[in-house]
Amino acid sequence: MRRELAGIYDPRGRGEPARVTRALAPQVATTLQCGPLHLVFSGPAPPSREPLCLFDGFLDNGPELCNALACQNPEPEALLVAAYRRWGPGLLPRLRGDFALLVWDGLQGEGLIARDQLGARSMYLFRTAGSVCFASEIKQLLALLPARPSPDPASVAHWIAASNRPGAATLYAGVRRLNPGSALLLDRNGAREEVYWTPSFTEPLRSSPTHLAKRVRSALDRAVRRRIDLGGVTGILMSGGLDSASVAAVAVAQARSDVLAYSGTFPEHPAVDEANLIDELRNVLRLRGLSAEVRAGGLLASALESQQAWGMPLLGWGDFWTLPLLRAAAAAGVTVTLGGDGGDEVFGPRVFVLADRLRSLHPRQALALALELPGAGDRPARRQVIRVLGNWALMGAVPGGVHSALWRSMVRGTAPHWMRPEAARDLVESDDPHAWKRLDGPRWWAHTAYGLTRGMEEAGIFEHQRRRAALAGLEARHPLLDLDLVELALRLPPEASLDRYRNRPLLRASMVGLLPDSVRMRPAKAWFDSLIVDCLSGPDGAAVRRLLTDPRSELRAYADPYSLQRALFDSNARERPEPHRWMHQVWRLVTAECWLRAQATSVDELALGDLEPSPGRISIRVA
């Protein structure tokens with residue numbers, strides 16, 4: 001279920017009911033005061049007020065909890081009330097799923113606010129003297145505050161440098177996310193944050209590749225089954241790639257509800273167009289759905305729509321075609337959308353196993369494993385092997401503190417040259433690229449565990465997918481980031497993730513008999529850089545250039561507009577040797593400029609003057 005909520009907790013008894021009431025406006029919502037807790041939430045009022053439970057998301061292990069509690073009502077909020085009565089805050093480690101949760105026991109004067117272990121659902125916090133404001137979306141939190149916070153300089157620096165800022169900070173100063181696997185415990189003394197779950201290393205499974213592939217298939221079956229809407233229609237955002245195709249194939253094999261596939265094709269970019277593979281998948285899997293023919297146009301408009309809706313810049317550049325497709329899916333009756341997000345992180349190569357071999361004084365084993373990394377092929381170039389050993393074996397083996405000191409001494413002067421000195425300083429001083437080395441366990445495990453349990457959340461992947469789906473009236477779920485599947489992936493032997501010809505060998509092996517080999521054994525992965533480059537340099541090119549090179553731009557506080565123009569626009573972007581880097585950099589800069597302009601006004605709407613974003617050029621048909 002999707003339930004939006006916001007509130008203020010002030011144990012001194014002072015409240016701001018007017019601000020709480022408007023936090024979810026204009027949607028119809030319920031407002032409650034529970035002692036020091038002032039709340040507003042969407043959806044029906046929960047049946048019980050003692051304790052009160054508000055739940056956003058879904059539970060993976062609801063039936064198991066029902067059995068353990070002998071609970072007659074399987075609805076999540078009723079079930080969680082029973083669980084809190086039995087276990088108190090100890091219920092949190094027992095939960096599986098994607099959720100944000102509030103429980104308040106008015107009789108005892110205590111409760112909690114919690115977030116799921118991987119951070120698929122969000123909770124945003126802002127502390128003032130003696131109180132804490134919280135909300136499931138940033139825009140709702142801002143409505144609780146007497147004034148909108150200023151931009152956070154370090155977070156803006158990371159955004160425009162196309163870097164993910166470590167930690168829980170957001171683009172608004174003082175606004176932070178509740179950490180994944182954490183809870184805010186509320187009592188008469190205030191609110192304190194505690195961690196209730198962290199990943200822990202367990203020795204890898206030792207079994208044959210065939211048996212491991214069966215384990216992966218079983219876990220994936222369960223993860224997809226949990227996330228299908230059993231009472232409605234499930235939509236799969238399916239490309240011709242391995243990850244989304246695997247989710248689609250497993251969803252169809254479950255055959256417990258209607259499953260439809262929604263895909264994009266790119267006729268103007270035949271080098272990356274997967275139309276033939278998508279058609280083959282539809283035929284083999286007998287999948288109906290919709291297909292969108294996508295041409296350059298509408299990219300900037302999608303960024304402005306998302307910013308207006310959520311008060312944040314848009315992370316992903318594919319919304320200009322995926323959002324119209326999702327809206328068409330919702331009109332066709334789809335309620336839940338699944339995708340292949342997380343496949344690389346869950347099943348990708350554990351490259352830092354090379355560092356573990358070096359740390360255990362087995363350099364020859366490190367070299368042998370380097371020759372098995374995806375892309376090595378039969379005869380990798382010596383220079384390539386040396387670079388791999390340096391990056392993954394040698395630097396991976398260096399202790400974290402030493403590595404960070406070396407990194408800071410080397411990168412202090414390597415921020416983008418167009419970035420102003422103070423912004424470059426904020427960027428470097430707030431970065432923590434080797435935080436993963438502080439996890440206990442081998443290097444291969446620590447790097448993978450950090451990426452799955454913190455890296456994806458810090459990158460904003462869950463926020464982006466959730467917000468895009470919500471704009472279409474849908475709920476986004478992530479089968480490949482099911483906690484049980486993630487914990488299994490962290491126990492797979494690192495050597496089983498290596499194949500010199502193809503990435504994700506265990507996932508490929510688990511799909512035997514489900515996917516056609518044209519998809520299952522395809523070594524390459526399509527990237528749609530050329531389409532986005534065409535959007536940024538073609539239909540939206542004039543608007544983008546004027547936004548970024550305007551001497552009065554808001555970005556001038558962080559970057560020199562003349563240096564930006566020389567770096568990004570003084571030569572033909574299509575001819576640049578690294579179009580992906582150019583595209584990513586321009587996208588981050590233009591979304592930052594639009595967001596900063598909105599912050600400089602008293603309203604969220606952005607005035608572009610005579611700059612007109614290009615319209616989308618999407619043609620949707622029944623497939």
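Numbers here are sequence positions counted from 1.
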For the CG atom on Asp440, are there more than 12 heavy atoms of other groups (residues, nucleotides or ligands in this structure) within a distance under 6.0 Å?
no
Can you tell me if Phe201 has over 12 outside heavy atoms packed within less than 6.0 Å of its CZ?
yes
Please report the closest heavy-atom contact between [X] and [Y], naming both atoms and the distance.
X      : Y      : answer
Pro349 : Ser497 : CA-OG, 3.5 Å
Leu314 : Ser306 : CD1-OG, 3.6 Å
Asp341 : Gln465 : OD1-NE2, 2.9 Å
Glu457 : Leu118 : CB-O, 3.9 Å
Glu463 : Arg177 : OE2-CD, 3.6 Å
Glu345 : Arg350 : O-NH1, 3.3 Å

So, taking the atom named [atom1] in [X] and the one named [atom2] in [Y], what distance separates them when rounded to the nearest 0.5 Å?
X      : Y      : atom1 : atom2 : value
Asp529 : Arg581 : CG    : CZ    : 14.0 Å
Leu564 : Ile160 : CG    : CD1   : 8.0 Å
Leu589 : Thr549 : CG    : OG1   : 11.5 Å
Leu145 : Thr128 : CG    : OG1   : 8.5 Å

Ring-plane angle category for Trp436 and His447, please: parallel below 30°, perpendicular beyond 60°, tilted otherwise.
perpendicular
Salt bridge flag under 4.0 Å for residues [X] and [Y]:
X      : Y      : value
Arg127 : Glu193 : no
Asp432 : Arg438 : yes
Arg468 : Asp319 : yes

Test your reading of the model: is there a side-chain donor-acceptor pair from [X] to the backbone of [Y], 3.5 Å cut-off?
X      : Y      : value
Arg19  : Leu144 : yes
Glu458 : Asn164 : no
Arg165 : His158 : no
Trp392 : Ala355 : no
Trp595 : Gly311 : yes

Ring centres under 6.0 angstrom apart (Trp444, Phe352):
no
Are the ring centres of His478 and Phe462 closer than 6.0 Å?
yes
Quick one, [X] and [Y] - any side-chain contact, counting heavy atoms below 4.5 Å?
X      : Y      : answer
Asp152 : Thr170 : no
Cys594 : Leu300 : yes
Leu299 : Pro613 : no
Val294 : Phe528 : no
Tyr558 : Asp426 : no
Leu184 : Tyr9   : no

For Gln140 and Tyr124, which I'm curious about, is there any donor-acceptor pair between the side chains at under 3.5 Å?
no
Please step through side chain to side chain donor-acceptor pair (under 3.5 Å) for the pair Thr453 and Trp197, ending with a clear verdict.
CA-CA 10 Å; Thr453 63; Trp197 181 90; over 6 Å; no
Going through the distances and angles, do Asp431 and Trp407 end up as a side-chain contact (heavy atoms from CB on, under 4.5 Å)?
CA-CA 10 Å; Asp431 210 352; Trp407 176 82; 3.5 Å; yes
Before you tell me yes or no, could you show the steps for Ser553 and Arg556 under side chain to side chain donor-acceptor pair (under 3.5 Å), namely the whole-Å CA-CA distance, both residues' side-chain angles and the distance that decides it to 0.1 Å?
CA-CA 6 Å; Ser553 72; Arg556 68 188 184 280; 5.3 Å; no
Yes or no on side-chain contact (heavy atoms from CB on, under 4.5 Å) for Arg115 and Asn179, after CA distance, side-chain angles and deciding distance?
CA-CA 7 Å; Arg115 195 175 176 203; Asn179 283 318; 5.8 Å; no
Decide yes or no on side-chain contact (heavy atoms from CB on, under 4.5 Å) for Leu326 and Leu237, but give the supporting numbers first.
CA-CA 9 Å; Leu326 290 177; Leu237 271 176; 4.1 Å; yes
Determine, step by step, whether Phe320 and Leu531 satisfy the side-chain contact (heavy atoms from CB on, under 4.5 Å) criterion, reporting the C-alpha distance in whole Å, the side-chain angles of both residues, the deciding distance to 0.1 Å, and the verdict.
CA-CA 11 Å; Phe320 76 100; Leu531 171 64; 3.8 Å; yes
